[in-house]
Amino acid sequence: MSTMMVAGNWKMNASTLTNTDLTNALVAGAATLTNVQMVVFPPAPYLGQVQELLADSAIALGAQNVSDKAQGAYTGEVSATMLKDFGVKYVLVGHSERRSLYGESDAIVAAKFKAVKTAGLIPVLCIGETLAQREAEATLDVVNGQLQAVIDLVGVAELATAVVAYEPVWAIGTGLTASPEQAQEVHQAIRAYLATQDAAVAEQVQILYGGSVNAATANELFAQSDIDGGLVGGASLDAQAFLAIGQAAQS
Ligand code: PEP
């Protein structure tokens with residue numbers, strides 16, 4: 001991968017006031033960044049606001065969730081084409097909070113991935129093991145299984161133009177970060193798994209690491225050969241911290 005990506009998942013933290021301050025600071029600070037694609041994922045009601053704030057910037061807009069359905073009688077749902085209408089380019093699917101708190105199965109995640117692709121947007125497919133699964137040495141079975149559920153529905157070729165985010169569940173929002181070696185080991189294994197099905201896809205797919213990434217840990221993580229950037233939660237709410245992670249991705 002030539003261009004690294006640093007993606008900020010704001011989760012359910014936003015207001016029109018804080019969005020303005022945060023986005024304006026990001027736009028100003030990101031103007032000097034090169035060779036790194038910055039992306040922000042605000043909560044859905046604010047996509048229009050953040051789209052306008054990002055208008056003259058290279059920072060891309062992302063959404064945190066999407067319906068697996070195209071349109072119709074699905075109260076409360078937001079379709080991929082609606083997201084596209086607001087200038088969204090990237091969509092998180094299968095974030096561990098969606099999987100664990102909202103019961104999203106591998107099948108639902110795969111259907112959402114397909115809906116995002118069908119609308120011409122780029123899914124950021126989140127995969128990762130719990131602490132118990134890591135301790136049971138099941139990490140690779142878990143992440144490969146999560147990947148395979150998507151491949152079974154859409155075919156491996158669709159992964160070439162998607163983003164995968166490896167996010168160990170035990171590292172999300174906990175302050176615990178996988179060591180660069182632990183992260184690299186899984187990223188390499190993900191690429192090797194994909195290579196058994198399509199070598200070109202394995203090479204092209206962009207694989208981000210997520211899990212308590214901050215300015216202090218980003219440099220070493222991003223220096224790993226199979227890590228193509230980061231998906232950042234908590235630190236993405238602080239403009240200077242998020243920009244510092246963007247700078248780490250450049251070097
Ligand atoms: C995330 O929500 O995807 C994430 C990685 O969060 P944090 O950086 O806060 O661990």
Side-chain angles (χ1 to χ4, degrees), residues 5 7-14 16 19 37 39-52 54 60-130 142-167 169 172 190 194 197-198 201 204-208 210 231 233 236:
M5 177 180 293
N9 173 14
W10 295 359
K11 312 197 189 195
M12 200 170 73
N13 303 291
T16 50
N19 296 342
Q37 175 64 64
V39 191
V40 291
F41 294 78
Y46 299 104
L47 288 168
Q49 182 202 7
V50 178
Q51 178 191 25
E52 283 183 21
L54 292 176
L61 187 61
Q64 297 175 21
N65 191 22
V66 65
S67 177
D68 59 322
K69 307 288 194 297
Q71 74 167 99
Y74 302 104
T75 303
E77 291 292 282
V78 175
S79 73
T81 50
M82 292 173 190
L83 297 177
K84 191 175 184 183
D85 210 12
F86 280 89
V88 164
K89 187 165 178 198
Y90 297 93
V91 186
L92 297 183
V93 294
H95 190 281
S96 73
E97 287 153 16
R98 302 291 323 165
R99 291 181 190 263
S100 68
L101 302 174
Y102 299 96
E104 289 191 8
S105 62
D106 280 348
I108 292 281
V109 172
K112 289 186 173 195
F113 184 104
K114 186 175 180 184
V116 171
K117 277 286 194 163
T118 302
L121 302 180
I122 302 174
V124 179
L125 171 65
C126 303
I127 58 177
E129 82 288 2
T130 63
V142 170
V143 296
N144 292 342
Q146 290 170 334
L147 269 178
Q148 193 58 46
V150 170
I151 294 169
D152 286 346
L153 186 68
V154 301
V156 70
E158 291 292 326
L159 266 295
T161 47
V163 179
V164 171
Y166 167 58
E167 299 204 300
V169 178
I172 296 179
I190 290 168
L194 290 172
Q197 303 182 50
D198 189 320
V201 168
Q204 285 167 45
V205 67
Q206 185 154 26
I207 312 180
L208 311 183
L231 177 54
S236 72

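Note that the structure is a prediction, hence the values are computed from the model and not measured.
- In this structure a side-chain-to-backbone donor-acceptor pair under 3.5 Å is present from Gln64 to Phe41.
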Fill in: Val109 and Leu125: CA distance, side-chain angles, deciding distance, side-chain contact (heavy atoms from CB on, under 4.5 Å) verdict
CA-CA 8 Å; Val109 172; Leu125 171 65; 3.6 Å; yes
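- With a 4.5 Å cut-off on side-chain heavy atoms, Lys117 and Thr161 count as touching.
- The ring pair (Phe, Tyr, Trp, His ring centres under 6.0 Å) search around Tyr166 returns His187, not counting sequence neighbours.
- Residues Val163 and Met5 form a side-chain contact, since some pair of their non-hydrogen atoms from C-beta on lies under 4.5 Å apart.
- Heavy atoms from other residues, nucleotides or ligands lying under 6.0 Å from CZ of Phe86 number 12 at most.
- In this model, no donor atom of one side chain and acceptor atom of the other lie less than 3.5 Å apart for Ser79 and Lys84.
- Of all the heavy atoms in Gly62 and Pro42, the pair that sits closest is O-CD, 3.3 Å.
- The nearest pair of heavy atoms linking Ala14 to Asn19 is CB-OD1, 3.3 Å.
- Side-chain contact check for Leu61 versus Leu47: some heavy-atom pair is nearer than 4.5 Å.
- At least one side-chain heavy atom of Leu194 sits under 4.5 Å from a side-chain heavy atom of Ile151.
- Summarising the geometry of Asp68 relative to Ala115, their closest heavy-atom pair is O-CB, 4.0 Å, with the distance given to 0.1 Å.
- Listed here is the closest heavy atom pair of Val142 and Gly128: CG1-O, 3.8 Å.
- In this structure, CZ on Phe113 lies 10.5 Å from CD1 on Ile122, to the nearest 0.5 angstrom.
- Residue Asn65 forms a side chain to side chain donor-acceptor pair (under 3.5 Å) with just one option from Glu77, His95, Lys112, and that option is Lys112.
- Side-chain N or O atoms of Gln206 include none that pairs as donor or acceptor with a backbone N or O of Val164 at under 3.5 Å.
- Val91 is not listed as a side-chain neighbour of Val124, based on a closest heavy-atom distance of 4.5 Å or more.
- Here the straight-line distance linking atom OG of Ser96 with atom CD of Glu129 works out to 10.5 Å at 0.5 Å rounding.
- The two residues Gly233 and Lys11 have their closest heavy-atom pair at CA-CE, 4.1 Å.
- The closest side-chain heavy-atom distance from Leu147 to Ile190 is below 4.5 Å.
- A salt bridge is defined here as a Lys NZ or Arg NE, NH1 or NH2 lying under 4.0 Å from an Asp or Glu carboxylate O, and Arg99 with Glu104 fails to meet this definition.
- No more than 12 heavy atoms of other residues, nucleotides or ligands shown are found within 6.0 angstrom of NZ on Lys114.
- Asp152 contributes no side-chain N or O that, together with a main-chain N or O of Ala149, makes up a donor-acceptor pair within less than 3.5 Å.
- Among all heavy-atom pairs drawn from Val93 and Pro123, the shortest one is CG2-CB, 4.2 Å.
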Practice prompt. Evaluate side-chain contact (heavy atoms from CB on, under 4.5 Å) for Glu167 paired with Leu231, printing each intermediate quantity in order.
Written response: CA-CA 8 Å; Glu167 299 204 300; Leu231 177 54; 3.4 Å; yes
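- Here the side chains of Gln197 and Gln148 are in contact, with some heavy-atom distance below 4.5 Å.
- Within the 4.5 Å cutoff, the side chain of Val78 has no heavy atoms near those of the Ser67 side chain.
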